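Counting starts at 1 for both ligands and their atoms, in listed order. Given the structure is predicted, the values throughout are model-derived calculations rather than measurements.
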Amino acid sequence: MSVTQTAQLMDGRGLAERIVKEAAAKAAEISRRTGAGPCLATVLVGEDPASVAYVRMKRARCARAGIQSRHIGLPAATTTAELIGTLAELSGDPEVHGILLQHPCGPHIDERAAFEAIAPEKDVDGVTMRSFAAMSFALPGFVSCTPGGIVRLLEAYDVGLAGKRAVVVGRSAILGKPVGMLLLAKDATVTYCHSRTADLPAIVREADVVVAAVGRPRLIRGEDIKPGAVVIDAGYNPGNVGDVDFDTARARAGLITPVPGGVGPMTIAVLLAQTVEAAANQLGIGEH
Ligand code: NAP
């Protein structure tokens with residue numbers, strides 16, 4: 001007889017609310033002590049509806065947490081040089097403490113060059129090479145928000161990672177790669193999988209912790225989840241569908257993130273927390 005277990009859900013929404021509340025309290029304290037509130041600049045090239053919606057949501061969350069935001073909407077025809085000029089200007093503006101360049105920016109933009117124009121102390125989205133290096137060397141700096149949110153979720157649910165086999169499916173610079181580095185720093189044995197990986201299911205079957213960061217609906221199937229494993233689904237596909245087949249995975253996992261309500265809210269919470277931290281540092285009352 002097969003025994004069906006049901007995984008405990010990892011409540012990203014609840015944890016994110018607590019993180020945002022803490023950030024809001026710190027933002028209020030910064031305003032009280034310095035007379036200047038934290039300010040996040042959001043930069044968007046073009047008017048892609050999904051990007052417009054993401055930026056609007058991030059700014060609304062900022063407002064609710066008492067963080068100011070300044071939006072710079074640039075025409076779709078903006079060149080890489082013009083975008084770099086805008087980002088350099090914001091990097092030098094003392095009234096701006098954090099900078100978020102919403103991506104993708106469009107095929108004509110050299111996105112890496114644009115990211116690198118963000119001053120490291122204002123890189124609250126953790127997208128620059130310097131932030132990645134600092135994270136990899138466990139030095140102070142800002143982490144890429146989704147990986148940072150995933151690690152906070154794992155910590156909140158007391159998931160011990162030392163000696164555990166972690167499998168990260170996806171290797172993008174903002175998600176797969178950094179989350180693997182953060183798990184490695186916590187002494188997990190990390191395997192990266194990607195589009196050229198041979199026999200993905202066989203590798204997933206060995207994982208104590210699976211992070212799905214692909215952008216392919218229900219790619220990871222429940223039958224490949226090791227019983228009791230921790231399943232983190234960072235995927236977000238049209239129709240609120242993750243990269244994990246939730247129903248079948250839930251029947252085998254020990255802990256699992258829902259989509260929506262798992263990783264998504266954590267990403268914004270980390271963005272807000274890092275914006276407040278950046279403001280505190282720049283206004284001379286930070287911890288670093
Ligand atoms: P991305 O840049 O497109 O990277 C996707 C990765 O998945 C690549 O490394 C790719 O491999 C790999 N891949 C593609 N097809 C595969 C397959 N069949 N088997 C194994 N690996 C495969 O995407 P991303 O920006 O990292 O985003 C990934 C997902 O996370 C998306 O659903 C996105 O919406 C979501 N996301 C969510 C949040 C959030 O806040 N919740 C934030 C960011 C992203 P190659 O490198 O070989 O091409």
Quiz item: Below 4.5 Å, heavy atoms only, C-beta onward: do I72 and L44 meet side chain to side chain?
Solution: no
Exercise. Calculate, to the nearest 0.5 Å, the distance between atoms NE2 and CD belonging to H97 and E121 respectively.
Key: 11.0 Å
Quiz item: Which of the atoms in ligand 1, numbered in the order shown and given with their element, are less than 4.0 Å from a heavy-atom of T146?
Solution: 38 (C), 39 (C), 40 (O), 42 (C), 43 (C)
Self-check item: Location of contacts on S195 toward ligand 1, heavy atoms closer than 4.0 Å
Solution: both
Quiz item: Atoms of ligand 1 less than 4.0 Å from I174 heavy atoms?
Solution: 25 (O)
Self-check item: Pick from H194, H103, R171: the one approaching atom 46 (O) of ligand 1 most closely through a non-hydrogen atom
Solution: R171
Quiz item: Taking atom 24 (P) of ligand 1 as the point of reference, which of S172, S144, G149 owns the nearest heavy atom?
Solution: S172
Review item, side-chain donor-acceptor pairs of residues 228-243, under 3.5 Å, at least two apart:
residue : atom : partner : partner atom : Å
D233    : OD1  : G235    : N            : 3.0
D233    : OD1  : D243    : N            : 2.9
D233    : OD2  : D243    : N            : 3.1
D233    : OD2  : V244    : N            : 3.0
Y236    : OH   : N240    : OD1          : 2.6
N237    : ND2  : V241    : O            : 3.0
N237    : ND2  : G242    : O            : 3.1
N237    : ND2  : D243    : OD1          : 3.0
D243    : OD1  : G215    : N            : 3.2
D243    : OD1  : R216    : N            : 3.0
D243    : OD2  : V214    : N            : 2.7
D243    : OD2  : G215    : N            : 2.8

Self-check item: V214 contact mode with ligand 1 (heavy-atom cut-off under 4.0 Å)
Solution: both
Quiz item: What atoms of ligand 1 come closer than 4.0 angstrom to any heavy atom of G170?
Solution: 6 (C), 7 (O), 9 (O)
Practice problem: Heavy-atom distances under 4.0 Å are what count here, so tell me which part of M266 touches ligand 1: side chain, backbone, both or neither. | Solution: neither
Quiz item: Heavy-atom contacts under 4.0 Å between I268 and ligand 1: side chain, backbone, both, or neither?
Solution: neither
Exercise. Please name all residues satisfying side chain to side chain contact (heavy atoms under 4.5 Å, CB included) with E89, sequence neighbours left out, ordered by chain then number.
Key: none
Exercise. To the nearest 0.5 Å, tell me how far R152 CZ sits from L15 CG.
Key: 8.0 Å
Quiz item: Which ligand 1 atoms does G215 reach within 4.0 Å, using its non-hydrogen atoms?
Solution: 28 (C), 29 (C), 31 (C), 32 (O)
Quiz prompt | Cluster check L101, L175: I/L/V/M/F/W/Y, side chain < 4.5 angstrom | solution = yes
Practice problem: Would you check whether G176 reaches within less than 4.0 Å of ligand 1, judged by its heavy atoms? | Solution: no
Quiz prompt | Contact with ligand 1 for C193, non-hydrogen, under 4.0 angstrom | solution = no
Quiz prompt | Sub-4.0 Å heavy-atom contact, T197 with ligand 1 | solution = no
